[in-house]
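Read through the structure below, which is laid out as structure tokens, and then see the notes.
The chains referred to below are lettered A, B, ... by the order of the sequence lines, with proteins before strands, and numbering in each begins at 1.
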There are 2 protein chains.
Amino acid sequence: MEQNSLNSIDRKILECLQEDAGLPVADIAERVGLSKTPCWRRIRHLEESGVLRRRVALLDRDKLNLGVTVFVGVKTSKHDVKWLEEFAKVVVNFPEVMEFYRMSGDVDYMLRVVVPDIAAYDAFYQRLIQRIDLTDVSSSFAMEEIKYTTALPLAYAG
Amino acid sequence: MEQNSLNSIDRKILECLQEDAGLPVADIAERVGLSKTPCWRRIRHLEESGVLRRRVALLDRDKLNLGVTVFVGVKTSKHDVKWLEEFAKVVVNFPEVMEFYRMSGDVDYMLRVVVPDIAAYDAFYQRLIQRIDLTDVSSSFAMEEIKYTTALPLAYAG
DNA sequence: GAATTCAAGGAATTTTGTTCCATTTTTTCA
DNA sequence: TGAAAAAATGGAACAAAATTCCTTGAATTC
């Protein structure tokens with residue numbers, strides 16, 4: 001029994017839901033060539049197994065006056081666990097920080113920060129370095145968002 | 001009449017939906033202190049005005065074997081419009097590219113790429129440079145995703 | 001302060017989600 | 001190979017949610 005691996009129907013279902021999580025089950029069922037009951041059960045199974053994590057609303061950045069995206073690179077010499085945990089905790093709690101990664105290579109951490117304007121970014125920056133001691137921080141501003149998607153590339157998914 | 005600006009109820013509604021787009025209107029209504037009809041109308045209005053763009057399903061990267069995130073910086077000397085459009089078109093069409101920005105400063109473009117493993121990233125990279133002539137490309141690998149959210153910081157929103 | 005516009009809420013209706021059960025298909029294993 | 005078991009399917013019944021309708025209350029205008 002294939003407990004985990006997705007077959008082509010499950011993949012199609014996920015593709016649909018990545019595009020539009022509000023699609024009625026009946027519509028999805030039709031697209032994937034099933035009737036609604038088995039389709040519904042597959043969706044529930046995908047939820048239970050955790051493949052389908054959640055459904056969220058995506059808002060318009062510009063309409064909400066949040067047009068500025070900044071990528072922040074952080075280099076640090078302090079590599080002790082305690083400092084790291086503190087650092088992570090502080091950063092995670094800023095709602096302006098939408099993504100936060102520990103990196104290999106040039107920078108140690110990378111943040112994607114969203115704010116209304118440069119002034120707000122500066123304010124954010126001040127609040128950040130006030131809470132944690134950061135020496136080497138570099139900020140790169142995005143001039144244009146050419147693509148932003150939450151849809152994972154399922155072509156690979158096995 | 002305040003055609004655009006959100007009042008505190010609209011913001012609460014958006015906060016709810018950014019967290020869980022599947023929440024029944026009745027539940028949201030209760031949380032924001034309205035009955036379902038006016039709450040439903042506000043949601044529809046937010047949709048119609050485009051503030052609420054869409055509802056999507058978020059999947060589990062690891063469970064789908066897509067654990068590798070790479071940030072790709074591209075520098076280019078070719079700044080003519082034609083090349084740029086071609087470049088953008090090619091990049092956008094790669095499903096592995098989840099984010100794509102034109103940047104100020106050090107690099108001209110930045111991509112966030114999601115793939116199963118390093119080998120798949122290399123394959124992606126080969127396909128990319130095969131399609132467009134890129135000279136200066138740098139790849140940084142994320143070791144750990146500490147935070148990833150699609151929820152915009154609405155504290156600012158006016 | 002009356003008229004008008006706008007937002008709200010309860011109830012009815014429609015749509016969609018969910019369960020139930022019988023049937024078909026697939027898999028297992030003798 | 002073929003019967004038994006397991007798993008998946010689909011239609012119908014049921015439950016829950018979304019959507020509409022209509023009336024009432026509040027705010028704004030002139």
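- Side-chain N/O atoms of Arg41(A) and base N/O atoms of dA8(D) include no donor-acceptor pair closer than 3.5 Å.
- No more than 12 heavy atoms of other residues, nucleotides or ligands sit less than 6.0 Å from atom CD of Glu30(B).
- One finds a side-chain N or O of Arg42(B) lying less than 4.0 angstrom from the OP1 or OP2 phosphate oxygen of dA8(C).
- Heavy-atom neighbours of Arg131(A) CZ from other residues, nucleotides or ligands within 6.0 Å: at or below the threshold of 12.
- Partners of Arg102(B) under the side chain to side chain donor-acceptor pair (under 3.5 Å) rule, at least two apart in sequence or in another chain, are Glu144(A).
- Computed from coordinates, the Ile9(B) CD1 to dA26(D) C1' distance equals 14 Å when rounded to whole Å.
- To the nearest angstrom, P of dT19(D) lies 16 Å from NE2 of His45(B).
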Contacts under 3.5 angstrom, residues 145-154 of chain B side chains, donor-acceptor by atom type, not counting sequence neighbours:
| unit_1 | atom_1 | unit_2 | atom_2 | d |
| --- | --- | --- | --- | --- |
| Glu145(B) | OE1 | Arg61(B) | NH1 | 2.2 |
| Lys147(B) | NZ | Val92(A) | O | 2.7 |
| Lys147(B) | NZ | Phe94(A) | O | 3.1 |
| Lys147(B) | NZ | Val97(A) | O | 3.0 |
| Thr149(B) | OG1 | Ala151(B) | N | 3.0 |

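- Annotation: side chain to side chain donor-acceptor pair (under 3.5 Å) contacts of Glu99(A) (sequence neighbours excluded): Tyr101(A), Arg112(A), Arg112(B).
- The salt bridge (Lys or Arg N to Asp or Glu O under 4.0 Å) test applied to Asp20(B) returns no partner, not counting sequence neighbours.
- For the pair Val114(A) and Val68(A), the minimum side-chain heavy-atom distance is 4.5 Å or more.
- One can place CG of Leu46(B) at 15 Å from C1' of dA7(C), the figure rounded to the nearest angstrom.
- Rounding to whole angstrom units, CZ of residue Arg44(B) and C1' of dA17(D) are separated by 17 Å.
- Phe87(A) and Tyr109(A) have their aromatic ring centers within a separation under 6.0 angstrom.
- Residues from residues 19-40 of chain A with heavy atoms under 4.0 angstrom of DNA chain C, sorted by number: Pro24(A), Val25(A), Lys36(A), Thr37(A), Trp40(A).
- Rounded to 10°, the angle separating the first-five-pair axis and the last-five-pair axis of the helix from dG1(C)-dC30(D) to dA30(C)-dT1(D) equals 40°.
- Asn7(A) has its CG atom 16 Å from the C1' atom of dT27(C), to the nearest Å.
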